[in-house]
Amino acid sequence: MMPGLIRRTAVGAAVAVLGLVAGLVSALPASAAPAHWPAPRGTYLALGDSVAFGYVPPQAVPPPNYHDASSFIGYPEDVARALHLRVANAACPGETTASLFMRGVVSNGCENSPGSSTGYRTQYPLHVFYKGTQLRFALKYLARHPRTRLVTINIGANDVFLCQETTKDHCTSQKELQGVLNEIKANLTTIYSKIRHVAHYRGPLVALTYYSLSYSDPNQVVGTEVLNSVIASVTQAFGGKVADGFAAFEGPSNAAGGSPCKAGLLIKLPDGTCNIHPSAAGHLLLAQAIEKVLPRK
């Protein structure tokens, strides 16, 4: 998701479409200032899409500076500050579970998008520079930092968006939707297998699930939960923990009539509506959800 490139929002599209698959999936096994501290206690690797990146839309006030990646502060930076870790945030806006580890496949705006060879990465810097895929960077990073204390990931919503963009029925059929869910499951299995068995990372691996854009709309709620259930099942199969991003936004949103926008958890726009990406307050809640599932020391 980036200015002038993506016509529709990935999380919004994902939850709207996934609302049609209720019952398809059976039981499956205020952001702080940039973190600065004199003596970090270790390293932390963050992987994911625009949510992990800390993306801000061009309509926001003040407008974002896409040429300065350090100006984007997301939940990984909040987690790093709270735990006194040095974060390497490799997230890319528009990343899918496939493009995270396969170069050249269509993404939702990371390196390309349907019908376009340009993406966020081809025009603007990420938090960390790397060639190749995000997973390739992750494996190299973990090899060079064997004492990495935490790996987090949030990924999957853009996969459903691509299904909408690239299928004749806009991914409304159960067959198409189930196919996307199966693909997410297979791709996450590959990603986690590489992290665990190639990089031999045995530390905490935490997947952050997606929040709903509306807790009063049953389709939004069910759709988000379906996507999250797939993410959770694969993560747990690899000994990972699941940070409940859905629940993190649920309480404050319900107190505001079911709206995370009215609760101040999404980025406000000049016209009074909200973008789908978390505000500073939203990122802080997502960071706390991650911290909650980590071992206490």
Side-chain angles (χ1 to χ4, degrees), residues 1-2 5-22 24-25 46-55 57 74-76 91-101 105-111 113-114 119-120 134 152-167 170-172 176-188 191 207-215 217 219-235 242-249 260 265-267 274-278 282-283 286 289:
M1 289 173 280
M2 59 173 291
L5 179 64
I6 301 304
R7 297 184 297 277
R8 304 173 68 186
T9 54
V11 178
V15 295
V17 177
L18 284 169
L20 299 172
V21 297
L24 253 183
V25 180
L47 306 172
D49 55 24
S50 56
V51 177
F53 181 82
Y55 180 81
Y75 71 80
C92 183
E95 194 81 281
T96 67
T97 59
S99 63
L100 192 142
F101 73 96
V105 300
V106 178
S107 71
N108 185 32
C110 175
E111 285 195 317
S113 65
Y120 194 97
Q134 194 173 155
T152 62
I153 185 170
N154 78 274
I155 198 78
N158 287 303
D159 296 60
V160 181
F161 175 82
L162 280 181
C163 181
Q164 272 202 329
E165 285 290 296
T166 58
T167 58
H170 304 295
C171 210
T172 56
E176 294 283 4
L177 291 168
Q178 187 64 68
V180 173
L181 295 173
N182 290 341
E183 183 177 357
I184 292 171
K185 182 177 181 180
N187 290 341
L188 281 175
I191 292 164
L208 175 68
T209 60
Y210 289 97
Y211 48 88
S212 179
L213 296 179
S214 172
Y215 289 85
D217 181 344
N219 285 336
Q220 293 271 0
V221 170
V222 172
T224 307
E225 290 179 328
V226 169
L227 174 60
N228 287 343
S229 71
V230 175
I231 295 168
S233 68
V234 184
T235 302
V242 179
D244 198 340
F246 181 92
F249 277 28
L265 303 180
L266 301 178
I267 296 172
C274 285
N275 181 259
I276 64 164
H277 293 91
H283 276 294
L286 296 178

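Numbers for residues simply follow the sequence, beginning at 1.
- Annotation: ring pair (Phe, Tyr, Trp, His ring centres under 6.0 Å) contacts of F246 (sequence neighbours excluded): Y215.
- Considering only residues two or more places apart in sequence or on other chains, D159 meets the side chain to side chain donor-acceptor pair (under 3.5 Å) condition with T97.
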Q: Could you go through the side-chain contact (heavy atoms from CB on, under 4.5 Å) check for Y211 and L265 one step at a time?
A: CA-CA 10 Å; Y211 48 88; L265 303 180; over 6 Å; no
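- D49 has its side chain within reach of Y210: a pair of non-hydrogen atoms, C-beta onward, lies under 4.5 Å apart.
- Considering every non-hydrogen atom in both S50 and H277, the closest pair reads OG-NE2, 2.8 Å.
- Every residue meeting the salt bridge (charged side-chain N to carboxylate O under 4.0 Å, His left out) condition with E111, not counting sequence neighbours, appears here in chain and number order: R121.
- With sequence neighbours excluded, no residue satisfies side chain to side chain donor-acceptor pair (under 3.5 Å) with D244.
- Here the straight-line distance linking atom CZ of F161 with atom OG of S107 works out to 10.5 Å at 0.5 Å rounding.
- Here the CG-CZ distance, from N154 to F53, works out to 13.0 Å after rounding to the nearest 0.5 Å.
- Evaluation of the side-chain contact (heavy atoms from CB on, under 4.5 Å) rule for A289 yields A243, A248 as partners, not counting sequence neighbours.
- When side chains are defined from C-beta on, L177 does not count as touching V226, because their heavy atoms never get closer than 4.5 Å.
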Q: Evaluate the criterion side-chain contact (heavy atoms from CB on, under 4.5 Å) for residue pair I184 and L227; output intermediate values, then yes/no.
A: CA-CA 9 Å; I184 292 171; L227 174 60; 3.7 Å; yes
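- No side-chain heavy atom of I191 sits under 4.5 Å from any side-chain heavy atom of V234.
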Q | Worked verdict on L162 versus V180 for side-chain contact (heavy atoms from CB on, under 4.5 Å) | A | CA-CA 9 Å; L162 280 181; V180 173; over 6 Å; no
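- To the nearest 0.5 Å, the span separating CG on N158 from SG on C110 amounts to 9.5 Å.
- Here the straight-line distance linking atom CG of N187 with atom CG of N182 works out to 11.0 Å at 0.5 Å rounding.
- Remark: T167 engages C163, D169, C171, E176 in a side-chain contact (heavy atoms from CB on, under 4.5 Å) (not counting sequence neighbours).
- Between Y55 and Y120, the ring planes are perpendicular. Angles over 60° get that label, and only those under 30° would be called parallel.
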Q: For side-chain contact (heavy atoms from CB on, under 4.5 Å), just list the numbers for V106 and T166, CA-CA rounded to whole Å, side-chain angles, deciding distance to a tenth of an Å, and then say yes or no.
A: CA-CA 10 Å; V106 178; T166 58; 5.7 Å; no
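- When all heavy atoms of E183 and A98 are compared, the pair lying nearest together is OE2-CB, 4.2 Å.
- Partners of T209 according to the side chain to side chain donor-acceptor pair (under 3.5 Å) rule, which considers only residues two or more places apart in sequence or in another chain, do not exist here.
- Interatomic distance, CD1 of I153 versus CG of L208, reported as 10.5 Å (0.5 Å rounding).
- For T235, the side-chain contact (heavy atoms from CB on, under 4.5 Å) criterion is met by Y192, A207, I231, V242, not counting sequence neighbours.
- Between the CG atom in N228 and the OG atom in S233 there is a gap of 11.0 Å [rounded to 0.5 Å].
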